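In what follows, a structure is listed as structure tokens, so that the remarks can point back to it.
Keep in mind that the numbers below use all heavy atoms, side chains included, and drop hydrogens, waters and symmetry copies. The structure presented is a predicted model; accordingly, all values stated were derived computationally and were not measured. Naming: A, B, ... by sequence-line order, numbering from 1 per chain.
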Amino acid sequence: MTGQRELLAAVTGLQGGGSPCPGVSVVKSLLSCATPLEIIGLDYHALATGLYLNHNRQGALRAARLLPRLDRRDDLLARFQELVSEFGPFVLLPTLDVEQPIFASLQVELRSIGVSTLLPEPKAIVDRSKRWLGKLAAEIGDVARFRVPATRAIETSEELESALLTITYPAFVKGRFCGAHLVETPPAARFYSRRLTETWGWPLLIQEPVAGDEYCVVMLFDRRSRPAGHAVMKKLAVTEAGKAWAAVTVADGTFAAVAAQIGERLAWRGPLEIDMIQEAEDRLPVVLEVNPRFPTWTYLAAMAGCNLPERAVALASERAAADVKPFVAGVVSIRYFEDVFLPFEEFLNLASEQTLMVGENEPADCTHLSDGTETEV
Amino acid sequence: MTASGITVAITGLLAVDSPQPGIAVARSLKESGVAPRVVAWEAYELSCALGAECVDAVYPLGLVGKRPEEVLEAVRKTVAHEQVDVLIPNNDLDVGALAPLGANLSEMGISSLLPSVSALDRRAKSQLPRFAAEFGYTAPRTTMIVDASQWDAVRGSLSYPMMLKGCVCDNYLVENPDEAETCASRIVDVWGYPLLAQEVIEGEEWAVAAVADRASRTVGAVAVKKLGITEHGKTWAAVTVQEQQLLRLTRLILSDFRWVGPVEIEFIVDRNDVPHVLEINPRLPSWVQLATRAGQNLPALVMQLALGEWPRPQVEYTAGITMMRVASDVVLDIGTVASFVLQCQKGLNK
């Protein structure tokens with residue numbers, strides 16, 4: 001025995017209903033890892049279904065707790081202080097896009113109260129945003145051998161109206177944090193733009209569509225921005241919103257090389273997911289998005305032998321850990337679901353805790369997750 | 001072969017953002033006392049059934065888009081590899097394809113519990129408002145649009161916001177004629193006409209899953225309140241409730257519509273406590289395992305009735321059981337998928 005206490009990791013983003021957030025995939029990866037550790041499930045909403053995983057897998061979570069709104073930084077720090085008092089120091093793995101700028105800006109304060117993270121500086125999160133991706137490509141695209149699709153950031157509905165008359169169709173409209181729709185006409189663009197901006201606010205992104213096979217890389221970077229493990233998958237089937245519901249791990253060094261150079265240039269720490277398309281004609285990788293978090297397919301990577309959340313916990317807590325093994329190609333994941341059953345009182349118990357934390361009459365949608373600052377994503 | 005010696009074939013296994021009910025039906029069957037062998041008849045090569053714990057074998061077989069004789073031929077080829085005792089289709093289109101073929105299936109030794117073609121027509125989204133009115137139920141006002149020229153004529157004069165629905169699937173809340181045009185073209189591209197323009201009813205969403213015997217008597221029914229739904233109205237969180245008004249309406253509807261087999265009836269209850277019948281779906285819902293955990297195993301009832309048994313009608317169940325759906329993945333070696341694709345009709349025995 002080393003005498004070390006069992007590790008404790010808190011994972012956020014546990015909504016598993018509809019189009020899932022990445023948290024459950026991260027939890028499942030940690031549950032399958034060799035390191036003895038316990039997990040706290042965190043979310044902002046009592047209807048986040050992953051909070052109730054214990055009812056299917058006894059002991060999966062040591063506890064499930066709710067967090068206050070992200071724009072209430074003092075409340076957030078106070079809540080983490082409470083959690084440390086209740087459970088002791090832990091590693092925080094936030095998995096939502098909207099959380100990253102907030103927690104990145106709080107990492108020093110969090111550390112001082114016993115919450116370790118593996119997060120980049122806030123500026124790195126801005127630099128990899130859809131809006132600034134073009135600048136990144138201009139700087140290192142030639143060397144790193146990738147390009148980005150033409151992307152335009154739209155700030156207001158007036159600007160959108162004039163843009164809709166001049167852009168080339170079909171085009172992708174994308175939300176500030178989430179959501180992508182291929183549109184062929186101005187009314188279609190208007191329809192999805194309204195929905196995306198209602199949920200995620202401005203800017204809205206309009207992006208050139210690129211034809212070719214879609215690949216994703218997840219790569220973890222250590223505190224010195226060195227790659228500390230990665231996996232690559234090819235999307236086999238996607239939902240209407242472009243999310244993969246079936247994927248296969250593939251051995252291809254090209255995409256990993258691009259990811260490593262992007263991470264290095266951004267001085268990244270922590271997990272990074274990069275969505276790419278291999279263009280049918282010149283085979284050059286086109287970087288669509290650089291997401292500042294673990295993806296929803298993290299568990300596929302873990303099952304392919306590359307458990308990045310386990311490694312992230314070790315790096316965040318500065319414990320020695322063996323290097324991550326290379327992932328195995330040819331592992332397939334297909335979307336499925338678990339139904340968790342529980343007495344209604346348990347939901348109410350957590351929901352009433354939320355009422356205390358979030359305040360009554362708050363909208364139950366995603367907009368409150370937006371930080372309300374000028375942070376660009 | 002399981003201890004019971006009974007084999008049930010299921011369809012409708014796609015488990016993407018709005019999962020089809022097949023997996024939940026299979027799980028309930030496995031939880032029943034009979035615990036039959038469950039084989040999946042799967043239309044997609046990338047099937048979660050290949051890794052699902054509740055499915056014993058997977059056979060490639062899609063029913064949609066086939067003429068009746070082609071459906072029968074495909075079924076015949078599949079049961080040549082493994083005979084099944086009962087067939088439970090779990091998506092609307094499969095039920096439509098099989099409803100006229102109950103007697104033919106029976107000749108092949110396959111029992112089923114399917115509605116008649118006329119009952120199926122009465123609950124069709126395009127027909128429901130008419131029959132609901134005829135039988136005295138409240139349903140949202142609905143305009144049926146049969147072709148593009150009618151759509152162009154009425155689009156500007158409809159009252160907004162409204163729900164725009166496809167004849168089989170898909171619905172969008174639209175705010176104005178421009179949005180309606182966008183969504184109409186998306187729906188028509190996939191499902192064709194008719195298109196349904198439906199009044200929006202403000203209220204809470206409820207649903208009842210039920211099973212009717214061959215005399216259209218309700219032998220099981222469980223009501224839920226929806227807690228979490230996707231933007232397309234699919235339930236991912238729900239709680240069982242003892243809502244007598246909806247359960248009574250369900251019994252009446254199944255009798256009036258001369259329904260046979262499993263069904264999901266969706267209601268919106270407005271602020272005056274009036275229930276509006278939104279949809280009658282000709283199959284069990286994907287939340288059906290919630291009914292099982294609350295005390296009524298509806299898929300098992302379907303199996304028993306299909307086999308000609310006379311199960312005791314079930315009335316009791318526990319209110320307050322809550323379901324939370326967690327999206328997940330089955331993880332497989334690519335060789336498993338390849339075997340399924342390459343072995344063609346032989347299927348994959350697990």
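- Heavy-atom distances place no part of B:Thr318 under 4.5 Å from chain A, backbone and side chain included.
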Please assess B:Arg325 against B:Thr235 for the test side-chain hydrogen bond (donor to acceptor under 3.5 Å, both in side chains), listing each intermediate value before the final yes or no. CA-CA 9 Å; B:Arg325 175 155 295 160; B:Thr235 309; over 6 Å; no

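- When all heavy atoms of B:Ser286 and B:Pro19 are compared, the pair lying nearest together is CB-O, 3.4 Å.
- The contact between A:Ala188 and chain B is made by backbone and side chain atoms together, counting heavy-atom distances below 4.5 Å.
- Options B:Leu13, B:Thr240, B:Val330, B:Val337 differ in how many heavy-atom pairs under 4.5 Å they form with chain A, and the most are formed by B:Val330.
- Contacts between B:Tyr44 and chain A at a heavy-atom distance below 4.5 Å are absent for every atom of the residue.
- Side-chain atoms of A:Arg176 and A:Thr197 form no donor-acceptor pair, as typed in the model, at a separation below 3.5 Å.
- One distance of note links CG of B:Leu348 with OG of B:Ser339; it measures 6.0 Å at 0.5 Å rounding.
- The line from CG of B:Leu93 to SG of B:Cys169 is 7.5 Å long, rounded to the nearest 0.5 Å.
- Within residues 337-347 of chain A, the residues approaching chain B closer than 4.5 Å by heavy atoms are, in numerical order, A:Phe337, A:Glu338, A:Asp339, A:Val340, A:Phe341, A:Leu342, A:Pro343, A:Phe344, A:Phe347.
- When only modelled atom types and interatomic distance are considered, B:Glu31 and B:Asn297 share no side-chain donor-acceptor pair under 3.5 Å.
- Among residues at least two apart or in separate chains, salt bridge (charged side-chain N to carboxylate O under 4.0 Å, His left out) pairs with a member in residues 161-172 of chain B are B:Lys165-B:Glu279.
- For A:Lys28, the part sitting under 4.5 Å from any heavy atom of chain B is the side chain, from C-beta outward, and nothing else.
- Contact residues of residues 181-191 of chain B toward chain A are B:Thr182, B:Cys183, B:Arg186 (heavy-atom distance under 4.5 Å).
- The CG atom of A:Asp43 sits 7.0 Å away from atom SG of A:Cys21, with the distance rounded to the nearest 0.5 Å.
- Taking 4.5 Å as the heavy-atom cut-off, none of the residues of residues 54-61 of chain A approach chain B.
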Salt bridge (charged side-chain N to carboxylate O under 4.0 Å, His left out) evaluation trace for B:Glu179 with A:Arg194: CA-CA 10 Å; B:Glu179 290 196 356; A:Arg194 181 168 70 76; 2.6 Å; yes

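- A salt bridge links A:Arg190 with A:Glu161; the closest basic N to acidic carboxylate O contact falls under 4.0 Å.
- No other option in B:Leu290, B:Val174, B:Ile321 has as many heavy-atom pairs under 4.5 Å with chain A as B:Leu290.
- Comment: A:Glu214 does not engage A:Lys234 in a salt bridge, judged by the lack of any side-chain N to carboxylate O separation of less than 4.0 angstrom.
- Relative to the ring axis of B:Tyr172, A:Arg195 does not place its NZ or CZ within 45° and under 6.0 Å from the centre.
- With values rounded to the nearest 0.5 angstrom, B:Cys167 atom SG is found 7.5 Å from B:Leu196 atom CG.
- Between the A:Thr12 side chain and the A:Thr95 main chain, a donor and an acceptor come within less than 3.5 Å of each other.
- Both the backbone and the side chain of A:Val331 come within less than 4.5 Å of a heavy atom in chain B.
- With a 4.5 angstrom heavy-atom cutoff, B:Ala49 does not touch chain A via any of its atoms.
- Listed options B:Thr336, B:Thr230, B:Leu46 were ranked by heavy-atom pairs under 4.5 angstrom with chain A; first place goes to B:Leu46.
- Side-chain contact annotation: B:Glu316 with B:Gln296, donor-acceptor N/O pair under 3.5 Å absent.
- Between the A:Tyr52 side chain and the A:Ala64 main chain, no donor and acceptor come within less than 3.5 Å of each other.
- Atom CD1 in B:Ile10 sits 6.0 Å away from atom CD1 in B:Ile23 (nearest 0.5 Å).
- B:Val16 touches chain A through backbone and side chain together, each having a heavy atom under 4.5 Å away.
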Under the side-chain contact (heavy atoms from CB on, under 4.5 Å) rule, what do B:Trp206 and B:Glu243 come out as? Steps first, then yes or no, please. CA-CA 9 Å; B:Trp206 309 72; B:Glu243 190 59 36; 4.0 Å; yes

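- Using a 4.5 Å cut-off between heavy atoms, B:Val239 contacts chain A through its side chain alone, with no backbone atom that close.
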Go through B:Glu266 and B:Lys226 one step at a time and tell me if the salt bridge (charged side-chain N to carboxylate O under 4.0 Å, His left out) criterion holds. CA-CA 10 Å; B:Glu266 296 184 77; B:Lys226 299 181 179 185; 2.6 Å; yes

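- Proximity to chain B is absent for every atom of A:Ser25, based on heavy atoms less than 4.5 angstrom apart.
- Of the atoms belonging to B:Glu45, not a single heavy atom falls under 4.5 Å from chain A.
- Of the charged side-chain nitrogens involved, none lies within less than 4.0 Å of a carboxylate oxygen, so that B:Glu53 and B:Lys30 do not count as a salt-bridged pair.
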A:Asp275 and A:Lys243: CA distance, side-chain angles, deciding distance, salt bridge (charged side-chain N to carboxylate O under 4.0 Å, His left out) verdict: CA-CA 11 Å; A:Asp275 292 352; A:Lys243 310 248 183 196; over 6 Å; no

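- Between chain A and the options B:Leu14, B:Ile334, B:Val326, B:Asp333, the largest number of non-hydrogen pairs under 4.5 Å is found for B:Val326.
- For the set A:Leu300, A:Thr296, A:Thr49, the entry with the most heavy-atom pairs within less than 4.5 Å of chain B is A:Thr49.
- The choice from B:Ala52, B:Ser18, B:Gly335 that makes the most heavy-atom pairs within less than 4.5 Å of chain A is B:Ala52.
- Of the two parts of B:Arg293, only the side chain, counted from C-beta on, holds a non-hydrogen atom closer than 4.5 Å to a non-hydrogen atom of chain A.
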